[in-house]
Asks: 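There's a structure below that I have some questions on.
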Number of protein chains: 2
Amino acid sequence: MSALTNAIDILRCFSTSRPDLSFADVQVLTGKPKSSTSRLLRSLRDCGLLEQDPHTRRYRPGLLTFELGRLHRAHDDLLATAERELRDVCARTGHTGYIAVLDGYQQVVLRIVPGSNPLRVVNPPGQRTPAIVTSNGRAMLARLSDQDIRARVPLDYPKVPANSPQNFTELMARLNEIRRTGVSDAADEAIEGVGSQGFALASGESGELIGIAISYSVQATTELERANVRRELGAMAGKLRRMTGDPLGQTIEQLTGLAS
Amino acid sequence: MSALTNAIDILRCFSTSRPDLSFADVQVLTGKPKSSTSRLLRSLRDCGLLEQDPHTRRYRPGLLTFELGRLHRAHDDLLATAERELRDVCARTGHTGYIAVLDGYQQVVLRIVPGSNPLRVVNPPGQRTPAIVTSNGRAMLARLSDQDIRARVPLDYPKVPANSPQNFTELMARLNEIRRTGVSDAADEAIEGVGSQGFALASGESGELIGIAISYSVQATTELERANVRRELGAMAGKLRRMTGDPLGQTIEQLTGLAS
DNA sequence: CCGTTTGTTCCATTTTTTGGAACGTAGTCC
DNA sequence: GGACTACGTTCCAAAAAATGGAACAAACGG
């Protein structure tokens with residue numbers, strides 16, 4: 001196990017729910033000996049990937065991660081185009097929009113467009129969620145080959161909310177439905193009382209894949225309003241697919257030529 | 001030189017002006033052999049610190065940096081308090097506000113509060129600038145011990161705009177003036193036609209140091225208006241110092257007990 | 001003052017990393 | 001088609017760094 005791997009293992013301990021960690025936290029989370037933890041934390045701190053609060057002595061992501069994070073996909077055409085369109089739709093519908101990417105079987109929120117409706121924003125950018133419990137997450141998965149999906153979902157199928165697919169078979173059934181109808185939605189899954197509809201968008205030239213969703217309160221919306229969201233999303237999807245040259249028929253593997 | 005150091009050297013090649021890099025770029029910028037560059041880039045990509053555009057094959061900061069960057073100082077009290085106050089002042093004056101931190105002899109923009117005046121925002125968050133050419137940068141330096149300042153400024157004094165201190169002696173004269181008067185300003189330095197006034201704020205309990213500035217167009221403001229900014233900043237500084245327990249008399253080294 | 005918690009330093013052993021060179025792989029020009 | 005070049009990857013023995021158990025140190029608490 002390389003030094004870099006160990007460093008990354010430490011960095012991956014940080015999350016929205018654990019934005020800072022003590023020496024002991026890190027030691028427990030990584031399961032490494034004290035000496036290794038000590039040396040690695042110092043290295044990470046010295047190089048700017050972590051900072052240490054001089055008072056509490058706790059560690060947190062450092063200035064360098066902030067700088068690099070600002071650079072991440074700053075110039076991404078697919079993302080920028082999608083965000084522009086999403087803003088329009090959110091302004092019209094008043095609901096909150098999300099754009100996320102896949103990482104393994106999880107999705108990470110990249111952009112959020114707050115709506116005018118007073119639904120509190122629950123998933124800030126950077127938030128990780130199993131892709132199998134969200135509308136846009138499943139929409140993204142549905143674009144992958146069955147083989148790739150199988151490889152991504154842990155053998156020990158994760159514990160998910162009642163309305164989400166409870167096992168791999170249910171998941172595949174749901175994904176096949178998305179593939180057939182082109183529509184993906186969710187209700188009362190990741191968050192109680194919150195529903196969403198989403199779709200996946202691939203770039204024809206780069207093969208990048210993003211998931212776009214509109215999120216709303218299930219109680220505060222009528223079926224009519226949700227149908228309106230479906231229409232808006234369908235229109236946005238169509239427009240974006242034309243703009244980005246999304247080759248709907250192909251899986252992402254075929255696009256990028258990778259058999260991961 | 002450790003593997004981590006080499007990895008960081010690569011990461012530090014990315015910047016606002018160079019948000020993505022090719023293999024060759026990295027090789028030139030780091031001066032490492034091809035084989036090392038190849039292996040290191042692959043490791044960084046595999047662990048999520050970098051991503052590679054499947055089409056152009058260029059590298060850019062990865063998903064992990066985005067996630068960690070979102071976590072950086074998310075919970076920082078000093079920063080949040082300062083930002084709140086700065087928002088008020090910016091709303092009242094219409095000018096643009098900046099909050100930055102020191103890193104070596106450079107500053108990095110952490111937060112920006114756009115004003116209502118149509119001065120284009122030139123320094124996005126994450127931007128690095130020599131601290132010696134900005135009002136808040138110099139205000140931060142002025143809070144350090146002379147010894148620390150000497151250690152931070154490169155022996156080969158950087159090339160700076162005409163209105164900035166041209167050598168170490170001029171810099172120290174300017175910093176001593178800030179120490180004496182408590183006022184730091186800049187005009188036509190980092191950006192032509194742009195002026196700013198700033199101050200540094202230290203947290204009494206953590207010893208953290210941030211620099212706060214209000215920035216405006218020199219042409220579009222009167223001396224009266226600039227005096228108003230000075231008053232506003234003075235009031236904000238006083239209020240924030242009381243709120244955060246800023247021990248003005250002490251250098252940051254004395255505060256944190258470090259003789260870096 | 002003693003026991004605990006928390007973290008750092010030491011050092012012989014093990015494991016990576018290193019970088020020159022050989023080896024692909026396209027693309028290009030004649 | 002074939003030589004040439006730009007761009008990268010893989011190999012391998014030498015060199016350097018990481019490892020982790022144990023001793024050590026510092027701060028805290030009662």
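Only a predicted model underlies this, so the values are computations on that prediction, with no experimental measurement involved.
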Asks: Ignoring hydrogens and geometry, is there a side-chain-to-backbone donor-acceptor pair from Arg58(A) to Asp53(A) under 3.5 Å?
Replies: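 Checking the backbone N and O of Asp53(A) against the side chain of Arg58(A), no donor-acceptor pair under 3.5 Å is found.
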Asks: Can you check the Asp9(A) CG to dA18(D) C1' distance for me, whole Å?
Replies: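 After rounding, the reported distance stands at 15 Å.
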Asks: Where each residue is assigned the nucleotide of DNA chain C containing its nearest heavy atom, which of Thr37(A) and Leu40(B) is assigned the position nearer the 5′ end?
Replies: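 Its nearest nucleotide lies further toward 5', so the answer is Thr37(A).
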Asks: In whole angstroms, how far is the C1' atom of dT18(C) from the CG atom of Asn6(B)?
Replies: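 Taking atom C1' of dT18(C) as the reference, CG of Asn6(B) is at 9 Å.
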Asks: If you pin Ser36(A) and Ala3(B) to their nearest nucleotides in DNA chain C, which one's is more 5'?
Replies: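 Residue closer to the 5' terminus by nearest nucleotide: Ser36(A).
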Asks: Which nucleotide in the set dG20(D), dT9(C), dG8(D) lies at the smallest distance from any side-chain heavy atom of Phe23(B)?
Replies: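 For the Phe23(B) side chain, the nearest candidate turns out to be dG8(D).
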Asks: Compare the minimum distances between each of dG20(D), dG7(C), dT10(D) and the side chain of Lys32(A), then state the nucleotide with the smallest one.
Replies: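 The nucleotide sitting nearest to the side chain is dG20(D).
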Asks: Whole Å only: how far is the CD atom of Gln27(A) from the P atom of dT8(C)?
Replies: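 My rounded result for the distance is 11 Å.
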Asks: Rounded to the Å, how far apart are Tyr59(A) OH and dT6(C) P?
Replies: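 It works out to 14 Å between those atoms.
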Asks: When you get a sec, tell me which of dT16(C), dG19(C), dT9(D) is the closest nucleotide to the side chain of Pro33(B)?
Replies: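 Of the candidates, dG19(C) comes closest.
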Asks: Would you tell me if any nitrogen or oxygen in the side chain of Ser38(A) comes within less than 4.0 Å of OP1 or OP2 on dG7(C)?
Replies: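 Checking dG7(C) against Ser38(A), no side-chain N or O comes under 4.0 Å of OP1 or OP2.
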Asks: Whole angstroms only, please: what is the CG-P distance between Leu4(A) and dT17(C)?
Replies: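 Atom CG in Leu4(A) sits about 8 Å away from atom P in dT17(C).
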Asks: Roughly, in whole Å, what's the span from NZ in Lys34(B) to C1' in dG19(C)?
Replies: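 Distance, rounded to whole Å: 12 Å.
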Asks: Over how many whole Å does the gap from Asp53(A) atom CG to dG7(C) atom P extend?
Replies: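 Taking CG of Asp53(A) and P of dG7(C), I get 13 Å after rounding.
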Asks: Taking C-beta and beyond as the side chain, do Leu86(A) and Arg111(A) meet within less than 4.5 Å on heavy atoms?
Replies: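 Sidechains of Arg111(A) and Leu86(A): no contact.
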Asks: Give a yes or no on whether a donor-acceptor pair under 3.5 Å exists between the nucleobase atoms of dG21(D), that is its base, and the side chain of Ser35(A).
Replies: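 Yes, the side chain and the base share a sub-3.5 Å donor-acceptor pair.
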Asks: When you compare the side chains of Asp25(A) and Ser22(A), does any donor N or O come within less than 3.5 Å of an acceptor on the partner?
Replies: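 Their side chains do contain a donor-acceptor pair, which is all the 3.5 Å distance test asks for.
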Asks: Does Arg39(B) make a side-chain donor-acceptor contact with the base of dG19(C), cut-off 3.5 Å?
Replies: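 Checked by distance alone, the answer is yes.
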Asks: State which of dT9(D), dG19(C), dT19(D) makes the closest approach to the side chain of Arg57(B).
Replies: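 Of the options given, the side chain of Arg57(B) lies nearest dT9(D).
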Asks: Base, sugar-phosphate alone, or nothing: which one does Ser2(A) contact when heavy atoms must sit under 4.0 Å apart?
Replies: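 Sugar-phosphate contact only - Ser2(A) comes under 4.0 Å of backbone atoms but never of a base.
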Asks: Quick check for you: among dT19(D), dT18(C), dT10(D), whose closest atom lies nearest to any side-chain atom of Arg42(B)?
Replies: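 In terms of side-chain proximity for Arg42(B), the closest of dT19(D), dT18(C), dT10(D) is dT10(D).
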Asks: State whether Arg143(B) and Asp246(B) are salt-bridged, where the test is any N-O pair (Lys NZ or Arg NE/NH1/NH2 against Asp/Glu carboxylate O) under 4.0 Å.
Replies: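 The answer is yes: the pair qualifies as a salt bridge.
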Asks: Please assess Arg73(B) against Leu78(B) for the test side chain to side chain contact (heavy atoms under 4.5 Å, CB included), listing each intermediate value before the final yes or no.
Replies: CA-CA 10 Å; Arg73(B) 296 196 183 204; Leu78(B) 181 68; over 6 Å; no
Asks: Roughly how many Å is it from CG in Leu41(B) to P in dG19(C), rounded to a whole number?
Replies: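 For the pair Leu41(B) CG and dG19(C) P, the rounded distance is 14 Å.
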